[in-house]
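Contents: one structure, followed by commentary.
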Amino acid sequence: MPKKITIEPVTRVEGHGKVTIQIDDAGQVRETRLHIVEFRGFERFVQGRPYWEAPVLVQRLCGICPVSHHLAAAKALDVIVGAGTGLGLTAVGEKMRRLMHYGQIFQSHVLHFFHLSSPDFLFGIDADPAIRNIIGVVMHHKDLAVQGVMMRKYGQEIIKYTAGKKIHGTGAIPGGINKNLSIEERDILLHGADPLNADKMVEWSVGALAFFKAYHKNNKTLVDTFAEFPSNHLSIVRADGAMDLYNGVLRAVDTEGTRILDDVDCQDYDKYIEEEVRSWSYMKFPYLKHLGKENGWYRVGPLARLNTCDFIPTPLAQREFEEFKAYTHGKPNNMTLHYHWARLIETLHAAEEIKNLLIDTDLQKEDLVVKGKKSHRGVGVIEAPRGTLFHHYEINDNDQITLANLIVSTTNNNQPMNLAVNHTAKSFMNGQKEITEGMMNAVEVAIRAYDPCLSCATHALGQMPLEMTLVNENNEIIDCKTK
Amino acid sequence: MEKKIIATTSLAGCFGCHMSVLDIDERILDLIELVEFNKSPVDDIKTFTKPVDIGIIEGGCCNSENVEVLRSFRKNCKILISLGECAIMGGLPALRNGIPIEECLNEAYINGPTVGLNTQHILPNDDELPMLLDKVYPCHEIVKIDYYLPGCPPRADLIWEALVALITGSKLDLPYEVIKFD
């Protein structure tokens with residue numbers, strides 16, 4: 001009997017989403033969709049506001065990675081106030097922002113791994129949902145849960161000291177920052193009482209990686225084949241090819257590793273990227289213009305970043321990077337669950353980078369802001385925890401915003417997440433007599449690997465419950481399962 | 001003491017209020033001693049499985065689904081808290097209230113500088129998508145709300161103190177610095 005399955009809401013992801021899966025008479029999965037069901041309208045309602053409000057206004061489309069939006073907007077406004085296109089700030093200006101950003105990457109990656117995803121690894125994808133959550137982790141693996149909580153706290157403390165508060169801060173302003181890091185603040189972060197110090201964070205990041213690698217070793221088939229499919233990959237990289245999450249040029253590679261976007265200037269992003277609108281989701285579908293809708297879509301985020309960069313500029317993470325690359329013989333890695341591996345390598349890199357920045361005395365300098373010749377258009381691109389994030393603003397002579405265009409990380413992963421849902425639904429549900437909760441959670445595990453931020457995706461206004469509906473050929477609903 | 005049952009949801013919010021709940025940090029371990037979580041985005045309980053003592057709402061209502069979820073919270077929870085600016089007064093998403101919704105949609109899906117050729121003027125309008133409301137509404141205009149915790153987001157200390165007071169029945173004694181909202 002044909003069915004339509006709805007998983008709604010998709011849980012343990014940031015934001016709201018909904019999945020529909022259509023299964024035909026023969027028990028075969030016919031169509032799957034990941035819907036973003038909310039819309040906010042930021043692009044329109046920031047028009048007319050003074051441009052300097054953008055970094056504090058627009059970050060409020062997302063409370064999970066507000067720093068990414070805060071900084072992407074500030075970077076776009078740097079261009080508008082004539083402070084250059086990425087490296088034009090003073091040393092203290094750029095480094096404070098980098099510290100804020102790596103603190104954010106650290107806390108967000110930790111939140112995703114420990115709070116949201118670890119229950120699937122610790123208890124199993126089809127475990128009882130009553131314990132398959134962070135509270136179950138606290139009850140049954142207290143040490144690990146405490147590590148997750150304290151690591152996230154450390155990242156949030158860094159944001160507090162650089163941005164002024166933990167969520168929706170104000171530290172970055174057009175052309176620079178509004179505070180430096182005092183010696184007292186530096187010492188709290190660098191040498192704080194155990195465990196809240198930089199060395200402990202590096203140590204625990206290594207531990208989290210070891211945990212995942214052990215899981216991988218014991219569940220090789222699952223981790224390597226789960227929603228594995230070829231794709232292009234996109235991110236920014238530093239001019240010399242190093243991983244750089246704050247600033248760089250746009251690079252994309254195809255599934256074989258061939259460059260398909262060769263280190264282009266972020267100010268020109270709209271020459272290379274276009275988005276398709278589909279009627280069933282508020283989230284648009286981006287692709288590389290020159291390759292077209294069919295072949296030009298790409299993945300972003302930790303996995304993509306490890307596929308595009310040539311090396312990681314901190315020693316411990318570089319060693320892990322080499323091991324990661326060797327696993328696929330230097331070719332791009334297309335395995336969805338390897339996002340977790342890549343994310344933990346980045347967590348380690350962030351911890352190392354945080355320590356390097358904290359010992360840098362430039363953070364105590366006092367020349368906070370630069371200004372130059374004003375222009376009317378600015379683009380800010382940053383690697384948010386979940387992937388490449390584009391902010392583009394234009395202003396008029398009265399300093400009012402006349403245009404705002406945002407392509408958020410999760411939107412960039414729209415097509416890949418839809419494919420991951422499709423692969424997983426087919427491999428877990430095809431030919432099955434009964435659709436179990438575990439099978440539906442498998443679909444969510446596929447989505448969760450991308451760490452989608454559906455709050456961001458909604459900026460555009462969105463919500464994502466996981467809802468599976470079984471329909472027949474006339475689209476009549478036969479069965480509806482809601483998680 | 002028997003554990004109180006808590007449920008949480010994010011409507012037209014940004015999840016920042018939920019993140020601020022997590023910012024109670026190691027006190028999460030104490031919280032778990034006091035409460036049991038039911039329906040919430042932090043676990044996999046997707047529909048209410050028992051009567052709930054305290055429902056925490058983040059975000060206002062911008063579409064029909066927000067309204068349904070809010071009503072089901074009112075029905076299933078003894079006490080409802082509006083957490084943060086969006087739940088209390090619509091917050092930043094309510095900036096769209098002075099603008100026709102069509103203009104917002106056109107800007108995002110037709111006029112945007114990176115929108116590919118969209119000659120048929122396709123806008124998201126599938127049956128699976130909830131209906132947008134004309135405006136963003138604060139929660140208390142839809143259902144009765146018992147308590148309000150302001151801030152964007154409300155600071156973690158405020159959330160913690162308020163929850164403990166509510167759960168244990170003790171008096172809420174907030175230091176001056178905590179009564180500061182943005």
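Convention: sequence-line order gives letters A, B, ...; per-chain numbering from 1. Values in this document were obtained by computation on a predicted structure and should not be read as measured data.
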- Item | Nearest atoms (heavy-atom pairs only) where Thr114(B) meets Ile273(A) | CG2-O, 3.6 Å

- Query: If you count heavy-atom pairs under 4.5 Å with chain A, which of Gly91(B), Gly98(B), Gly112(B), Pro153(B) comes out on top?
  - Reply: Pro153(B)

- Item | Trp280(A) versus Leu129(B), closest heavy-atom pair with distance | O-CD2, 3.5 Å

- For Val277(A), is it the side chain, the backbone, both, or neither that has a heavy atom closer than 4.5 Å to a heavy atom of chain B? both

- Query: Where does Val146(A) contact chain B at under 4.5 Å (heavy atoms): side chain, backbone, both or neither?
  - Reply: side chain

- Would you give the length of the straight line joining atom CD1 of Ile32(B) to atom CE of Met139(A), rounded to the nearest 0.5 angstrom? 6.0 Å

- Query: Quick check: are there more than 12 heavy atoms from other residues, nucleotides or ligands sitting under 6.0 Å from NZ of Lys3(B)?
  - Reply: yes

- Using non-hydrogen atoms and a 4.5 Å limit, figure out which bit of Ile122(B) sits close to chain A: side chain, backbone, both or neither. both

- For chain A, the option from Asn118(B), Leu123(B), Asp23(B), Val115(B) that forms the most heavy-atom pairs under 4.5 Å: Asp23(B)

- Query: Does any non-hydrogen side-chain atom of Cys14(B) lie less than 4.5 Å from one of Leu61(A)?
  - Reply: no

- So do Asn106(B) and Arg44(A) actually touch side chain to side chain, heavy atoms under 4.5 Å? no

- Message: If I measure from the heavy atoms of chain A, does Leu22(B) come under 4.5 Å with its side chain, its backbone, both, or neither?
- Response: both

- More than 12 heavy atoms from other groups under 6.0 Å of NZ on Lys4(B): no

- Note on the structure: Heavy atoms of Tyr287(A) and Gly116(B) approach each other most closely as OH-CA, 4.0 Å

- Shortest non-hydrogen contact between Pro113(B) and Tyr269(A), atoms and distance: CG-OH, 4.4 Å

- Is the closest side-chain heavy-atom distance between Glu26(B) and Lys153(A) below 4.5 Å? yes

- Query: Can you tell if the side chain of Leu95(B) reaches within under 4.5 Å of the side chain of Arg49(A), non-hydrogen atoms only?
  - Reply: yes

- Message: Please classify the contact of Leu57(A) with chain B as side chain, backbone, both or neither, using a heavy-atom distance under 4.5 Å.
- Response: both

- Looking only at Cys104(B), Cys86(B), Pro124(B), the option with the highest number of non-hydrogen pairs under 4.5 Å against chain A is Pro124(B)

- Residue pairs passing the side-chain hydrogen bond (donor to acceptor under 3.5 Å, both in side chains) test where at least one lies in residues 150-161 of chain B, sequence neighbours excluded: Arg27(B)-Asp157(B)

- Message: Need one label for Arg60(A): side chain, backbone, both or neither, based on atoms under 4.5 Å from any heavy atom in chain B.
- Response: both

- Item | Heavy-atom proximity to chain A below 4.5 Å, by part of Asp25(B) | both

- To the nearest 0.5 Å, what is the distance between NZ (Lys165(A)) and SG (Cys152(B))? 6.0 Å

- Do Lys142(A) and Leu29(B) have side-chain heavy atoms sitting under 4.5 Å apart? yes

- Task: For the residue pair Asp126(B) and Arg33(A), establish whether any side-chain heavy-atom pair is separated by less than 4.5 Å.
- Result: yes

- So, for Tyr282(A) and Tyr109(B), which heavy atoms are closest and what is the spacing to 0.1 Å? O-OH, 2.5 Å

- Query: Any idea which of Gln59(A), Gln107(A), Glu276(A), Gln47(A) has the most non-hydrogen atom pairs under 4.5 angstrom with chain B?
  - Reply: Gln47(A)

- Is chain A contacted by the side chain of Leu92(B), its backbone, both, or neither, given a heavy-atom distance below 4.5 Å? both

- Message: If I measure from the heavy atoms of chain B, does Ile167(A) come under 4.5 Å with its side chain, its backbone, both, or neither?
- Response: both

- Contacting moiety of Leu105(B), where chain A heavy atoms sit under 4.5 Å: both

- Item | Any side-chain heavy-atom pair of Phe37(B) and Ile134(A) under 4.5 Å | no

- Note on the structure: Pair count under 4.5 Å, heavy atoms only, with chain B: among Ile135(A), Val138(A), Val46(A), highest is Ile135(A)

- Query: Take atom CD in Glu102(B); do more than 12 heavy atoms of anything else shown fall under 6.0 Å from it?
  - Reply: no

- Message: Can you confirm whether His168(A) sits close enough to Met19(B) that some side-chain heavy atom of one is under 4.5 Å from a side-chain heavy atom of the other?
- Response: no

